[in-house]
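Nothing fancy with the numbering, it's 1 onward along the sequence. Counting starts at 1 for both ligands and their atoms, following the listed order.
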Amino acid sequence: MNLVRKIIKNHLQAGEMIQGREIGLTIDQTLVHDATGQMAMLQFEALGFPRVKTRRSLIYTDHNILQIGYENADDHAFLASAAKKFGLFYSKIGGGICHQVNLERFSVPGQTLLGADSHTTTGGAVGQLAIGAGGLDVAVAMGGRPFYLPMPAVRRIELTGRLKPWSRAKDVALEILRRLTVSGGRGQILEFAGPGAAALSVTERATIANMSIETGAVTALFPSDEATLDFFKRQGREADYVPLAADPGAEYDDELCLDLSSIEPLAAAPHSPDNVRPVTELAGLRVDQVAIGSCTNSSFEDLMTVAAILKGRKIPAHLSLIIAPGSRQVFQELADRGALADLIAAGARIMEVACGFCNGVGQAPKNKGLSLRTSNRNFPGRSGTANADLYLVSPETAAVSALSGLLTDPRVFGEAIAVSRPNKFVIDDSLIVPPASESEAASVEIVRGPNIAPLPRFTGLDKELEGEVMLTLGDNVTTDDILPAGAHILALRANIPAISKHIFSNIDQEYHLRQQKAGAGFIIGGKNYGQGSSREHAALAPRYLGLRAVIAESFARIHKANLCNFGILPLEFTSQSDRAGIARGDRLALEGLDALFGGQMLSVKNLSSGALLQVKLDVSERQAGLLKAGGLLAQVAGAAVL
Ligand code: MIC
Ligand code: SF4
């Protein structure tokens with residue numbers, strides 16, 4: 001058996017391990033943060049669970065940190081009180097980015113981790129089966145219920161050779177994206193193997209596992225081996241180490257071989273992480289901003305290397321250099337070793353230990369600016385500036401380019417930098433607040449400021465559905481397109497009526513008004529609709545406005561699950577030519593919705609053109625039930641049991 005199947009087998013609660021069929025997994029750990037946790041905790045409460053049933057559940061405060069009004073602080077007060085009452089650990093603001101902190105302090109090989117964030121995949125670096133999902137799915141898992149997903153295929157990624165100096169784990173992640181594209185991993189888990197994988201540190205593995213989601217994969221998984229033990233020892237967590245590997249001769253559904261020694265410094269050019277080019281081809285572009293950090297590249301090794309490159313040098317006058325350490329542990333180590341002083345002396349702006357620039361919470365580049373970033377997504381508008389150009393690179397390429405002010409091949413710097421890791425990292429978990437005991441929990445009051453709006457309630461499907469086509473969109477629509485990033489929108493994550501005004505706002509500012517006026521509506525998409533983040537608001541808020549169905553060529557896994565959870569039909573074209581025949585403003589009608597079942601074909605009548613087309617509802621029986629009821633919360637309210 002391969003390692004993925006072994007871990008799934010150990011956690012299988014429902015279904016059979018047949019590729020594509022729905023399975024239910026026991027979840028050991030969960031994480032949410034201050035962009036997804038508000039909804040997850042409101043939904044946990046609405047589902048009637050008294051206390052989390054997982055081995056460990058955490059709330060991180062890392063995304064929603066600007067506090068320029070009361071909203072973010074109110075959200076944090078709500079989350080802290082909900083954590084205390086319902087039995088979750090609460091990582092206070094300043095503790096660090098959820099994925100970095102979780103890897104350092106809580107990851108456990110062989111366990112399952114479900115996170116309300118797409119980059120939960122980072123946990124795969126230590127052999128944890130770590131999957132991103134919408135907040136409602138995480139709420140259900142926190143209550144001890146299974147997490148459902150289609151049984152993934154397993155693709156072996158065989159790594160051979162060794163990385164050359166100045167080629168880094170980020171370049172490996174980008175090379176995988178170049179080969180697989182943003183949809184090539186759909187339906188798969190990427191299992192890493194081979195001598196090249198064995199030679200990578202957990203930090204390097206984390207960068208690769210982190211960006212696996214950009215291929216559309218469910219997650220990535222590395223074996224738990226000597227490198228994992230070494231990582232746990234330095235974190236003072238040897239007791240959590242469990243060796244894990246695939247069986248010799250294990251079977252896989254697919255394969256990709258990569259010779260690490262052939263990988264050169266790469267960059268993802270605007271506006272997609274799979275638009276990958278060698279840095280040599282892009283060298284010389286004038287850079288306005290360099291931003292180093294995010295859950296992909298904000299580790300001790302990353303930032304110590306950056307500090308060593310910058311030591312004793314200055315950045316040019318026109319450039320802004322931003323550095324955001326990934327965790328308090330990393331920040332403290334940088335300070336203790338004098339690296340922080342080197343960064344400051346070089347002219348860097350040291351940012352809060354948080355996601356920050358990565359999803360447009362501050363440091364938006366100038367109009368049409370060029371920003372070089374070590375983060376994982378360069379979708380249009382992601383930085384907060386709609387027309388900025390974002391290039392994704394390794395910390396080394398970012399640091400060397402920050403010195404020249406031009407996109408620069410890091411190999412010109414000369415001899416590669418070697419960073420030695422401390423035998424024991426600074427360990428101080430004092431910003432991670434444990435929950436109240438079960439007996440004290442009853443008296444904990446949940447704090448609800450005015451930004452915490454009540455959850456909207458939805459009704460089920462009628463027998464027939466008629467509505468207007470509100471938008472016709474292309475391939476690879478991201479959840480950043482549906483609900484843009486940026487500080488002013490993020491502050492509204494606990495308030496669906498308020499946030500719904502921003503749905504599709506980078507594409508059509510009037511969408512929310514048109515949708516509300518139209519009542520029921522349809523959206524037409526292409527391939528891989530809803531790729532990117534896990535934000536369930538990209539389903540919940542459109543549903544609140546009246547969206548009832550998306551017809552696309554295919555869907556990204558997390559978004560499709562979110563659509564079902566909130567009662568929006570995810571319908572797939574059966575013939576490509578049908579898509580071109582539908583125009584914005586057409587009226588569509590669907591019948592027979594009272595008897596939905598998974599895998600069903602439905603007829604859509606285009607009342608405007610007279611055309612009749614067949615679409616497929618490729619969902620499980622469980623999801624068909626959710627759709628009929630109007631979503632999971634409506635179903636639970638109707639049945640009074642989960
Ligand atoms: C992202 O990187 O896009 C985010 C912000 O972390 C999201 C979470 C969200 O938008 O709620 C993700 O990756 O899931
Ligand atoms: Fe935070 Fe960016 Fe990572 Fe998302 S991708 S969790 S916004 S650092």
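Between atom 10 (O) of ligand 1 and the options R535, H99, H537, M39, the minimum heavy-atom separation is to R535.
A salt bridge does not link R493 with D34: none of the charged nitrogens is closer than 4.0 Å to a carboxylate oxygen.
Residue H63 touches ligand 1 through its side chain alone, judged by heavy-atom distances below 4.0 Å. The residue E214 has no part lying near ligand 2, judged by heavy-atom distances below 4.0 Å.
Close approach of ligand 1 to R493 is summarised as follows: ligand atoms under 4.0 Å from at least one heavy atom of the residue are 9 (C), 10 (O), 11 (O). Annotation for ligand 2: atoms under 4.0 Å from non-hydrogen atoms of R382 are 2 (Fe), 5 (S), 7 (S). The atoms of ligand 1 that sit less than 4.0 Å from any heavy atom of D117 are 4 (C), 6 (O), 7 (C), 8 (C), 12 (C), 13 (O), 14 (O).
Considering backbone and side-chain atoms alike, T36 places every N or O at 3.5 Å or more from each N or O of ligand 1. In terms of polar-atom proximity, defined here as any N/O pair under 3.5 Å, H33 makes no such contact with ligand 1. For N359, no nitrogen or oxygen atom sits less than 3.5 Å from a nitrogen or oxygen atom of ligand 1, counting backbone and side chain alike. Checking only distances, D480 never comes within under 3.5 Å of ligand 1, N or O to N or O.
Protein nitrogen, oxygen and sulfur atoms, that is N, O or S, within less than 2.8 Å of atom 1 (Fe) of ligand 2 amount to 1.
Looking at Q100 and E104, their side chains do bring a donor and an acceptor atom within 3.5 Å of each other. Counted by atom type alone, S299 and D302 present one or more donor-acceptor pairs between their side chains at under 3.5 Å.
The aromatic rings of F44 and F49 sit tilted relative to each other, their planes meeting at an angle between 30° and 60°.
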R105 vs D429, test: salt bridge (charged side-chain N to carboxylate O under 4.0 Å, His left out). Steps then yes/no.
CA-CA 8 Å; R105 307 303 306 143; D429 294 332; 2.8 Å; yes
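Side-chain atoms of D288 and P365, non-hydrogen and from C-beta on, never get closer than 4.5 Å to each other.
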